[in-house]
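Here the structure comes first, spelled out in structure tokens, and everything after it is commentary.
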Amino acid sequence: MTRTTPATMAPVAAPMGSWESPLDADTAAAGAVEYHEIQSCGAQLYWLESRPQEGGRVALVRDGESILPLGFSARTRVHEYGGGSYLACADGVFFVNFEDQELYALEESPRQVTHSGMVERYADFCHVPGSRLAICVCERHEDGEVLNLLAAVDLDSGRLTALHEGHDFYAAPRLNGSKLAFIAWDHPNMPWHATRLYVADLEHETPRLVGSRVVASGASIGEPQWGETRLFYLSDASGWCNVHVFDGVENRCVHEASDEFGAPAWVFAAHTYAVVSDDLLIARRIQRGVESLVTITGDGYLSEWHTLAGTYDSLHWHASGQRLLCVTGAPDRRSRIEALNMFGESAKPGVIAGASARSKHEVRRYSSVPEALRFESDGEAHAFLYPPTNADFRGTDGERPPLLVTTHGGPTAMADRSQQLRIQYYTSRGWAVADVNYAGSTGFGSAYRRKLDGQWGIADVRDCEALVRHLAASGVIDPKRCAIRGGSAGGYTTLAALTFSTAFQAGASTYGISDLEAFAKETHKFESHYVDSLVGPWPEAADTYRARSPIHHTDRLACPIIFFQGGKDKVVPPNQSQMMVDALDAKGIPHAYLFYPEEGHGFRDAGNIAHALRAEYQFFCRVLSITPADAPLDLDIRHL
């Protein structure tokens, strides 16, 4: 396809899946900039930007300008997923450098504070006012063992002092005067299963904690934040993740609702609500997977405040500016940092970082706006459907589009309505894309998330199959041209769907899990017991692990698959992809394998992101007999 129709002309009829689009893979990769971890110190604003065009470097930005020299990247590897990798405070700016995992002070040039020699990693900092101390989570790697603890680090000497040990994991140290709140949990739990909220007195001269006590437990508890005198936190004790408060004597839910106000703590320093005062909160509310901003008063009154964006993340109350800062996303524009006013015109609202206007690739002529779907599976299931959208083309008479089903990771993550250029890349070429919130997803209450307990590889696959049936019965897709893709846990769901169902004719697995036994034995500490809840306790449930592992059932595989794998992946090791590639090769099933030696768990380099996207699209086109819109890619598909 080489012709694009001017805007004033009628769309040209052309086979769906092969339309020419101005959104190329390089643009999609360049648009994958992400914003994280907004902080402020006085009038100055700070945030992190992950930059694919700089090889995936995470830049530390102050008031719109990068202050981190090239060669440094602000990214911690605690829990491998990181988060909470810098601190901006009255004593300076400090960050964890990805390459050596040491803490640095950002001065005229970065000054190394810690010298652990890769033994220790640091994350999730809070400053101790009036001292040269910060409190953080420390992860110590030594002699093949991993120990997690809460620690104080001297910002001059780098000396580390243990404050609390004994739990498998710690998170979210938050200080109010001399009162320190923090979260802890133990195997086999993940932080969305059962956690403890502690409060202790900090004696910073020593430093040490005195009188540590648990003030909330028995549920998934997270994101402690102090008001002037009260401690707020998230809890799903009611079956929904709502905001609670501890006033020093008792706990209560601030506003009880069948809505979600938080998300599973895969990374540190995620903020889904902001404390304005003891009597006013601003929170992200999720209703059946759809997000909005709300205000909640101290007496529990809730009002909807902002619904113009599709997603809201990293909420931060900028006290000196009397405004809310947050990362927002929408289907037809890229993510950005916005300032939103609550109190008149005391501070200028608007775009702080990111695109302030839609680019030529983001106008509605080529942007597919998702429709929230509810469909029947084992009960109600959910997805976002992106229809083919390109004002220059239409399908041929009677034609229905090919379908790409995308499966998010986690598997407790959530498909949302933020712009994903990888999806728009397909829809602008005439594909329908369904981003499925299968059983286990966040945003629909704890009961929906727990539907995946013991059912991983069954309930999620069933929902993907049911989605295809629903869309086929509705006449909106071609059921004979259906592909599925996913990464990490979504890669496992993809491989399981291709192995144990017949709904799909092709698939793409990006660092997906093929052998649950090997994954349970080899993955990192944070997830080393996660599969216990999703499949069964290891090794007692070894037979179930084998029964659910695609690698042990390749006799049931009959459709083409493309694999993408990073060489430095510590979460899903490369052998998980290699085993499947070898099995498909032995069976003579068409497949391709793209290996990126310098990538880890999540591709970050723009060149690799673009290459993988082009390869995936071309692979699907070739195996589904679709003429690709783009120039052919030199792609080695064995046995085709």
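Computed from a predicted structure; not experimentally measured. Along the sequence shown, residues carry numbers from 1.
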- prompt: Rounded to the nearest 0.5 Å, how far apart are OG1 of Thr406 and CD1 of Ile484?
  reply: 8.5 Å

query: Under a 4.5 Å cut-off applied to non-hydrogen side-chain atoms, are Arg485 and Phe504 in contact?
result: no

message: Do Thr407 and Thr493 pair up side chain to side chain, a donor and an acceptor below 3.5 Å, judged on atom types alone?
response: no

field: NE2 on His408 to OH on Tyr438, rounded to 0.5 Å
entry: 4.0 Å

message: Checking side-chain polar atoms at under 3.5 Å, does Glu102 have a donor or acceptor matched by the opposite partner on Asn97?
response: no

statement: Between the CZ atom in Phe603 and the CG atom in Asp569, the distance rounded to the nearest 0.5 Å is 8.5 Å

Output side-chain donor-acceptor pairs under 3.5 Å for residues 464-471, partner residues at least two apart or in another chain, one line each.
none

message: Please enumerate all residues that pass side chain to side chain donor-acceptor pair (under 3.5 Å) together with Thr442, with sequence neighbours excluded.
response: none

message: Could you walk me through whether His524 and Tyr81 satisfy the ring pair (Phe, Tyr, Trp, His ring centres under 6.0 Å) test, starting with their C-alpha distance in whole Å, then the side-chain angles of each, then the deciding distance to 0.1 Å, before giving a yes or no?
response: CA-CA 11 Å; His524 58 139; Tyr81 294 106; 5.7 Å; yes

Flag side-chain contact, heavy atom, 4.5 Å: Val531 against Phe519: yes

Test item: side-chain donor near acceptor, Tyr426 and Gln420, under 3.5 Å: no

- prompt: Does the side chain to side chain contact (heavy atoms under 4.5 Å, CB included) test come out yes or no for Leu70 and Glu54, once each step is laid out?
  reply: CA-CA 9 Å; Leu70 290 175; Glu54 297 180 11; 4.1 Å; yes

field: Whether Gln505 side chain and Arg481 backbone form a donor-acceptor pair below 3.5 Å
entry: yes

query: Taking C-beta and beyond as the side chain, do Val369 and Arg417 meet within less than 4.5 Å on heavy atoms?
result: no

Lys/Arg N to Asp/Glu carboxylate O, Glu399 vs Arg394, below 4.0 Å: no

query: Under the side chain to side chain donor-acceptor pair (under 3.5 Å) criterion, do His601 and Ser488 qualify, and how do the steps go?
result: CA-CA 8 Å; His601 197 70; Ser488 190; 2.8 Å; yes

Beyond-backbone contact of Asp24 with Asp630, side-chain heavy atoms, under 4.5 angstrom: no

- request: State whether Tyr617 and Arg429 meet the cation-pi test: NZ (Lys) or CZ (Arg) under 6.0 Å from the six-membered ring centroid, and within 45° of the perpendicular axis.
  value: yes

message: Do the side chains of Glu80 and Arg121 get close enough for a salt bridge, i.e. N-O under 4.0 angstrom?
response: yes

- prompt: How long is the span from the OH atom in Tyr366 to the OG atom in Ser21, to the nearest 0.5 Å?
  reply: 7.5 Å

query: Heavy-atom distance under 4.5 Å between the side chains of Leu68 and Val58, does that happen here?
result: no

field: Rounded distance (nearest 0.5 Å) linking atom OH of Tyr492 with atom CH2 of Trp456
entry: 6.5 Å

query: Is a side-chain donor-acceptor pair under 3.5 Å present for His306 with Ser292?
result: no

task: Report yes or no: is the cationic atom of Arg284 (NZ for Lys, CZ for Arg) closer than 6.0 Å to the six-membered ring centre of Tyr312, at no more than 45° off its axis?
output: no

message: Whether the side chain of Glu599 engages the backbone of Asn608 through a donor-acceptor N/O pair (distance < 3.5 Å, no angle test) should be reported.
response: no

- request: Would you check if the side chain of Ser368 reaches a backbone N or O of Pro387 as a donor-acceptor pair within less than 3.5 Å?
  value: yes

query: Is there a donor-acceptor pair under 3.5 Å between the side chain of Arg57 and the backbone N or O of Phe72?
result: yes

message: Less than 3.5 Å apart, any donor N or O on the side chain of Tyr596 or Asp605 sitting next to an acceptor on the other?
response: no

- request: Look at the aromatic rings of Trp431 and Phe620 and report parallel, tilted or perpendicular, splitting at 30° and 60°.
  value: tilted

- prompt: Cut-off 3.5 Å, side chains only: do Glu338 and Thr328 have a donor facing an acceptor?
  reply: yes

query: Have His36 and Asp313 got a donor and an acceptor in their side chains that come within less than 3.5 Å?
result: no

message: Under 6.0 Å between ring centres: does that hold for His591 and Phe563?
response: no

- request: Identify, with sequence neighbours excluded, every residue that meets side chain to side chain donor-acceptor pair (under 3.5 Å) alongside Arg614.
  value: Asp26

- prompt: Considering only heavy atoms from C-beta outward, does the side chain of Leu594 approach that of Glu616 to under 4.5 Å?
  reply: no

